[in-house]
A.B. asks: 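To start, I am sharing the structure in question, which I have written as structure tokens.
Within every chain, numbering begins at 1; the chains are lettered A, B, ... in the order of the sequence lines, protein sequences first and strands thereafter.
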Amino acid sequence: MSLLAVFLLMVSTVWADPSEPLTAMPPPGEEDTVPYAVVPYDPFDDDGDDIYDDEGELLETVADPISGFNRAMFVFNDKIYFWVLKPVAIGYRAVIPSPVRVSIKNVFYNLLMPVRLVNCLLQGKGKAAEGEFGRFVANTTVGVLGLFNPAKDYPELNPPEEDLGQTLGTYSIGNGFYIVWPVFGPSTLRDTVGSIGDWALNPFQFMQLVNVDAGALTSGTTNVIVYGVRTVNDTSFRIGDYEALKNAALDPYEAFRDAYIQNRNSRIAQ
Amino acid sequence: MIPKRIASVLAILILMVFPASAVSMDPMAIIKAPIDTVITILNDPQYKVAGTKSVQRDKIWKIVKPLFDFDEISKRAVARNWKDFTDAEKAAFADVFAHFLGNTYIDKIQGEYHNERIVYIGQGFYSDVYAEVRTQIVRETVEIPVNYRMFKNGDGQWRVYDIIVEGVSLVKNYRTQFASILRKEKPAQLIQRLNKKLTEQNKRLAENG
């Protein structure tokens, strides 16, 4: 029955409806400034962004003065992914059952609440800040120290993830230039500054900053181990995504650079 | 009683005469039906047997292909340089680009399909001819937003001209790459590059069954 419905839907979509306007035309007034043939018109793009300037020179989505270094680091990180991270994450995924991996992810997300909360506040997003706090309270109590995510089903408790790079972006601070860090991956000057600020707000680091001596918890080794576990755990949910984007690219380095910038811009706009 | 019956007969008649007007107004339904069919095919045990991957791939491609306007996608991805393409080059480019994208993404979902769910969040209309369908791929705990941008083509049918995955436009991503290649090379060379990638891809896919 449902198959029939699917079939009918598919067949009926093929029929044209003569009563509808026939051509996809940009709204009036738009053609004057942005000729459709030159810049593909996309009404959902507020920047309308052409990748050429008035002289027809190619504009880069982000400045890349250290592209030699970046390309080398891109290759380095690619090897780390295929030789170390991916095999480890596949083994980890095979050994650790999905609910446990989900709980580990939840705990990290919960612990990093201060980073998101502070950045909501810095961006004047009161509702989102309330949401972050509400989520933390719900998941820490009902969710047993963040192991579970009972806040999941309440959209107001799930605001978009904010970080300092985005906050600086909303203050109209540009990307600066593109940097590919070994191990940490793509970033920009602005987002690197942001990451350092956010790093100070992670609980282990914060204890150290305010001179709470929590012994092993605040040691550098712990930080490295925690970062490693988090990276492997996150990767275990996303095996294959990196490969897909890489295989789909003619120039993987440029594809990832562009994807990074587009993704960041869309988050800043949120 | 009689008016009620007349009304229902009339309703059926109207539905029979104008089936498309109801559907073509709804881009989400146009996306949803084929995607649901694809998921059925991905779950179908008959394709879990070795050596059936290419049959499955062809079947998925046949269902998915009509959703997209690859001429429009090509034109938008090549952008300003499109005017330097001859008509034959435009056709050749759209054809190879379509197959390349189809291969890449179908291979990806075939290899990594782990009972992801598709959540249809909503659709927004910019005008009568532009719409955006917002969906989410839900995989365990990861939610990947995927938006389909559609326009109503000359035949009054909704077709996808861009896909936005986590805020990253596929068209724009290729635009940057194509532009930097076309800065140094001719359209024919870009088509040749794509053809070469497609051949390698086909070879690899054939080896994997």
Side-chain angles (χ1 to χ4, degrees), chain A residues 2-3 5-6 8-10 12-25 27 37-40 42-45 49-52 56 58 60-61 98 101-102 105-106 149 237-241 243-245 247-251 254-255 257-259 262-267 269-270, chain B residues 18-21 23-24 29-30 33-34 36-37 63 66 75-76 79-80 82-83 101 104-105 107-108 111-112 124 126-130 132 139-142 149 151-158 161-162 164 166-169 171-181 183 193-194 197 201:
Chain A
S2 64
L3 255 181
V6 166
L8 284 177
L9 262 177
M10 288 176 60
S12 56
T13 59
V14 178
W15 295 336
D17 178 6
S19 69
E20 294 297 327
L22 288 184
T23 38
M25 287 286 287
V38 175
V39 183
D42 189 339
F44 297 99
D45 253 347
D49 73 343
D50 194 358
I51 51 166
Y52 298 91
L58 192 62
E60 299 287 353
T61 39
S98 172
R101 290 185 291 123
V102 170
K105 195 180 151 98
N106 288 341
N149 186 9
F237 296 106
R238 310 212 61 152
I239 296 166
D241 289 2
E243 294 87 323
L245 187 49
N247 287 338
L250 288 168
D251 180 342
E254 276 189 19
R257 187 183 62 193
D258 177 76
Q262 279 201 52
N263 176 272
R264 293 297 291 172
N265 287 345
S266 81
R267 282 160 173 267
Q270 257 178 0
Chain B
F18 305 106
S21 60
V23 176
S24 71
I30 289 171
D36 290 349
T37 316
I63 292 163
K75 184 165 104 190
R76 285 169 179 270
R80 185 172 291 217
W82 197 235
K83 64 176 184 337
L101 290 176
T104 307
Y105 288 99
D107 182 46
K108 151 98 174 123
E112 281 297 324
Y126 183 81
S127 65
D128 286 349
V129 290
Y130 285 105
E132 184 174 52
R139 180 198 298 164
E140 294 171 295
T141 169
V142 186
R149 292 199 178 151
F151 77 109
K152 200 179 258 184
N153 68 8
D155 301 325
Q157 294 161 33
W158 288 103
Y161 68 82
D162 198 0
I164 319 294
E166 291 187 286
V168 180
S169 147
V171 162
K172 277 202 224 166
N173 195 267
Y174 279 107
R175 198 181 290 164
T176 318
Q177 297 177 62
F178 290 157
S180 70
I181 291 172
R183 189 157 49 166
R193 270 175 189 264
L194 275 169
K197 277 216 86 154
Q201 205 175 39

A.B. asks: Quick one: side chain to side chain contact (heavy atoms under 4.5 Å, CB included) partners of B/Glu166, sequence neighbours excluded?
C.D. replies: A/Arg238, A/Asn263, B/Ile144, B/Pro145
A.B. asks: For chain B, which of A/Ile239, A/Asn247, A/Val102, A/Leu250 has the most heavy-atom pairs under 4.5 Å?
C.D. replies: A/Leu250
A.B. asks: Mind checking the CG-CD1 spacing from A/Asp251 to B/Ile181? Nearest 0.5 Å is all I need.
C.D. replies: 7.0 Å
A.B. asks: Would a 4.5 Å heavy-atom cut-off, applied to side chains only, mark B/Tyr174 and A/Asp258 as touching?
C.D. replies: no
A.B. asks: What are the two closest non-hydrogen atoms of A/Ala248 and B/Thr104, and how far apart are they?
C.D. replies: CB-CG2, 3.5 Å
A.B. asks: What's the shortest heavy-atom distance between A/Glu254 and B/Ser180, and which atoms?
C.D. replies: OE1-OG, 2.9 Å
A.B. asks: Go through A/Arg267, A/Glu243, A/Lys105, A/Arg264 and name the one with the most non-hydrogen pairs under 4.5 angstrom from chain B.
C.D. replies: A/Lys105
A.B. asks: Can you see which heavy atom on B/Gly167 is nearest to which on A/Ser266, and at what distance?
C.D. replies: CA-OG, 3.5 Å
A.B. asks: Which atoms of B/Ile164 are under 4.5 Å from chain A, going by heavy atoms: the side chain, the backbone, both sets, or neither?
C.D. replies: neither
A.B. asks: Does B/Asn173 reach the main-chain N or O of A/Ala255 with its side chain, forming a donor-acceptor pair under 3.5 Å?
C.D. replies: yes
A.B. asks: With B/Lys108, which residues qualify under salt bridge (Lys or Arg N to Asp or Glu O under 4.0 Å), at least two apart?
C.D. replies: A/Asp241
